[in-house]
Every structure is written in C-alpha cells, then in structure tokens.
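Encoded as structure tokens, the structure appears first; notes follow it.
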Amino acid sequence: MKQREEYHQKYREENREQINERARARYMANREKFLQKGVEYRERHPEKAKNYYQGNKDKFRGYNRKQNRTKRLEVLTYYAQGEPECKCCGEKIYEFLSIDHINGGGGKHRRLLRGRNFYLWLVKENFPSGYQVLCHNCNQAKGLYGKCPHNK
C-alpha cells in the first residue's frame, strides 16, 4: 500500500504540468457545471464557506486586486482605442486615468450598480457607447464645472 502511494506521489510530481493541463481542459469544458456545484456547496455549508474565506482573505484579496486591475486596463485600452490616455489633456499614467460618462450621470449610474465593479460591468455589457477615458482631474472638473479648464 505504501509503495503504491509513493508511486502515485512520484508520478504526480513528475507529470504536474500534464495533470494540471488536463484538469484545466476538463474545467473549461464543464465550467458552468463546476460553478453551479460551488454555488450549491456554499448554500449547503455557509459556515464552512465563510470560515474558508476568513482563513484565506489575503489570497482572495490578491486575486480580486489582480482581476480588477486587468479589467480596468482592458476597459481603458478599449475606450482610448489603443494606449490609454486622457482625451482632454493627454495624461498617460495609468493610475491617474478613469472612465467618464460622456453625457453625465455617473453618480446615478454608480448608485444603480450598488457596489459592483464598474469596469467589470462595462466588459460584461460588451463595452457600451457613451464613455471616454479622462484623467481624474479632467473628469472632476467636468463634473463640477461642466467643462475642463483645458477646453477654454
């Protein structure tokens, strides 16, 4: 029995990439089924799910942070039609850029989304029209004064 376990352990170590590749392919082929099983499990065992999250907060936060940054960059690139930059002043530093509602109404829209990630929403809605890339300064000026000081 022990020899068998050692053999399997050695096999898994030597073939880790192939095993992971097959598992990924199986997951992608049955993604909806796997996701539904996870939902059902969390509904049946809410305490276990909560405890798992509490014990792995850093892991979840890191994953979410990475996913949010990726989606944000994807959205900024799409609406800038290439390299992200402010449509008004030409600012190119990623951290200074944001998405602007061209016709206003950003606050109302944010309240409708109620905490959901705006950039993820834009991707899921297949990049609707009516948005542009502005830096935070130009976006704030447009919201407060109706236009940016750069557009005199």
Side-chain angles (χ1 to χ4, degrees), residues 12-13 15-152:
R12 284 191 298 271
E13 288 172 4
N15 299 287
R16 183 177 312 277
E17 283 302 314
Q18 292 172 327
I19 292 169
N20 288 345
E21 195 173 307
R22 285 194 304 260
R24 277 191 289 275
R26 191 175 81 240
Y27 173 80
M28 292 310 290
N30 302 294
R31 188 169 187 267
E32 293 302 319
K33 183 178 171 183
F34 278 102
L35 292 174
Q36 185 59 36
K37 280 178 125 179
V39 169
E40 291 169 2
Y41 179 84
R42 286 187 296 278
E43 286 174 354
R44 284 193 317 268
H45 305 95
E47 281 302 312
K48 281 186 178 180
K50 182 180 177 183
N51 290 341
Y52 181 78
Y53 173 77
Q54 293 296 331
N56 296 284
K57 274 186 181 178
D58 291 337
K59 178 180 172 182
F60 283 102
R61 286 180 181 153
Y63 171 76
N64 289 338
R65 203 173 293 123
K66 182 179 177 183
Q67 183 187 33
N68 291 344
R69 186 173 174 86
T70 302
K71 291 297 176 197
R72 185 168 183 267
L73 184 59
E74 182 181 350
V75 168
L76 291 172
T77 302
Y78 177 84
Y79 284 108
Q81 299 171 348
E83 185 182 345
E85 70 176 88
C86 178
K87 191 171 185 177
C88 181
C89 68
E91 177 64 64
K92 292 184 179 183
I93 299 174
Y94 167 83
E95 290 82 3
F96 294 159
L97 300 176
S98 65
I99 293 293
D100 170 56
H101 292 71
I102 293 174
N103 298 320
K108 184 178 179 183
H109 186 218
R110 198 170 46 251
R111 285 188 293 278
L112 284 173
L113 291 176
R114 292 187 4 227
R116 291 190 323 207
N117 186 308
F118 176 56
Y119 297 100
L120 192 58
W121 178 86
L122 287 169
V123 173
K124 285 184 178 180
E125 294 297 317
N126 204 20
F127 303 103
S129 61
Y131 301 95
Q132 64 183 348
V133 177
L134 292 180
C135 69
H136 290 293
N137 284 337
C138 294
N139 198 357
Q140 284 290 336
K142 183 182 168 201
L144 291 172
Y145 307 114
K147 63 180 181 175
C148 181
H150 294 115
N151 294 330
K152 284 187 178 179

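We number each residue from 1, following the sequence as shown.
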*Crowding at CG, N20 (>12 non-hydrogen neighbours, <6.0 Å)*: yes
_Is it the case that atom CZ in R16 sees more than 12 heavy atoms from other parts of the structure closer than 6.0 Å?_
no
*asked:* Among residues at least two apart in sequence or on other chains, which ones pass ring-ring contact (aromatic ring centres under 6.0 Å, His included) with Y63?
replied: none
*Check side-chain hydrogen bond (donor to acceptor under 3.5 Å, both in side chains) between Q36 and all other residues, then give those that pass, not counting sequence neighbours.*
E40
_Restricting to side-chain hydrogen bond (donor to acceptor under 3.5 Å, both in side chains), what partner residues turn up for N51, sequence neighbours left out?_
none
From [atom1] ([X]) to [atom2] ([Y]), nearest 0.5 Å:
{"X": "K92", "Y": "E83", "atom1": "NZ", "atom2": "CD", "answer": "4.5 Å"}
{"X": "Q54", "Y": "N56", "atom1": "CD", "atom2": "CG", "answer": "10.0 Å"}
{"X": "K87", "Y": "Y79", "atom1": "NZ", "atom2": "OH", "answer": "12.0 Å"}
{"X": "C86", "Y": "H150", "atom1": "SG", "atom2": "NE2", "answer": "7.5 Å"}
{"X": "Y119", "Y": "L73", "atom1": "OH", "atom2": "CG", "answer": "11.0 Å"}

*Within the distance-only criterion (no hydrogens, no angle test), does the side chain of R31 pair as donor or acceptor with the backbone N or O of Y27 below 3.5 angstrom?*
no
_Going by side chain to side chain contact (heavy atoms under 4.5 Å, CB included), name the residues that satisfy it together with N30, two or more places apart in sequence or in a different chain._
R26, K33, F34
Can you give me every donor-acceptor pair (side chain of residues 120-141, partner residue at least two apart or in another chain, under 3.5 Å) with its distance?
residue, atom, partner, partner atom, Å
Q132, NE2, D100, OD2, 2.8
H136, NE2, L97, O, 3.4
N139, ND2, S98, OG, 3.1

*So does E74 pair up with K71, basic N to acidic O under 4.0 Å?*
yes
*Determine, for Y94 and R72, whether the Lys NZ or Arg CZ falls below 6.0 Å from the six-membered ring centre while staying within 45 degrees of the axis.*
yes
*According to the interplanar angle, ranging from 0 to 90°, do the rings of H101 and H109 count as parallel (below 30°), tilted (30 to 60°) or perpendicular (above 60°)?*
perpendicular
*Which residue pairs pass the salt bridge (Lys or Arg N to Asp or Glu O under 4.0 Å) test when at least one of the two sits in residues 53-62, sequence neighbours left out?*
none
